[in-house]
Amino acid sequence: MSGDGQGRSHWFDDEAGPVVRPYAMTRGRTTTAGQHRLDLIAVVVTEPHAGDPEADQTLSPEHVDIVQLCRHTPQSVAELAAELDLPIGVVRVLVGDLVAAELVHVTRPVPPAELPDESILRDVINGLRAL
């Protein structure tokens, strides 16, 4: 981020669209290793040991934004794309970079089909009470 006080707005022009094209943010890359895990609902969490990402000169401003957004509240890939106003494909590549750098990790929400049925939980509670 620049010190001009305008935040992210200097990267966009209302009439021309983004000044920095999405492929420039990813250095022309469209995929990363492990991208198959990065669907829309994959949750990105900043690693506890991740220090100040702004101090890392190898990270782009978008990388830094992702680390900071996920530091206190895990975010899905879809939420990050919406918050950063970037295409999903770009966010996937950027998150892949951060996973490789061990600054974030990706978790998968538990599918509803894998959650225990409420009746099973009641049976377990009743069984424990019977002891």
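Computed from a predicted structure; not experimentally measured. We use all heavy atoms of the structure for the numbers below, so side chains are in, but hydrogens, waters and symmetry mates are not.
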task = Check the pair Leu69 / Leu84 against side chain to side chain contact (heavy atoms under 4.5 Å, CB included), numbers first and verdict last.
result = CA-CA 10 Å; Leu69 283 169; Leu84 298 172; 3.8 Å; yes
For the residue pair [X] and [Y], establish whether any side-chain heavy-atom pair is separated by less than 4.5 Å.
X	Y	answer
Leu94	Leu86	yes
Gln75	Val43	no
Cys70	Val45	no
Ile41	Val77	no

ask   = Are the side chain of Glu79 and the backbone N or O of Ser76 linked by a donor-acceptor pair below 3.5 Å?
value = yes
ask   = Using links of under 4.5 Å between side-chain heavy atoms of ILVMFWY residues, direct or through other members, which residues join Ile125 in one cluster?
value =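 Besides Ile125, the hydrophobic cluster comprises nothing; the residue is isolated.
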ask   = Looking at residues at least two apart in the chain, or sitting in another chain, which of them share a side chain to side chain contact (heavy atoms under 4.5 Å, CB included) with His72?
value =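 His72: no side chain to side chain contact (heavy atoms under 4.5 Å, CB included) contacts found.
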message = The criterion is side chain to side chain contact (heavy atoms under 4.5 Å, CB included); which residues satisfy it with Leu40, sequence neighbours excluded?
response =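 So Leu40 forms a side chain to side chain contact (heavy atoms under 4.5 Å, CB included) with Ala78, Ile88.
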Qualifying residue for side-chain contact (heavy atoms from CB on, under 4.5 Å) with His63, from Val104, Leu103, Leu98 = Leu98
ask   = For Ser119, which residues count as a side-chain hydrogen bond (donor to acceptor under 3.5 Å, both in side chains) partner, sequence neighbours excluded?
value =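 Ser119 satisfies side-chain hydrogen bond (donor to acceptor under 3.5 Å, both in side chains) with Asp117 once adjacent residues are dropped.
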ask   = With sequence neighbours left out, what residues match Thr46 under side-chain hydrogen bond (donor to acceptor under 3.5 Å, both in side chains)?
value =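 Checked Thr46 against side-chain hydrogen bond (donor to acceptor under 3.5 Å, both in side chains); zero matches.
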request  = Sorted by first residue and then second, give each side-chain hydrogen bond (donor to acceptor under 3.5 Å, both in side chains) pair with at least one member in residues 120-131; sequence neighbours left out.
outcome  = Glu118-Arg122
Minimum-distance pair of heavy atoms, taken over all atoms of Glu47 and Glu102 = CG-O, 3.4 Å
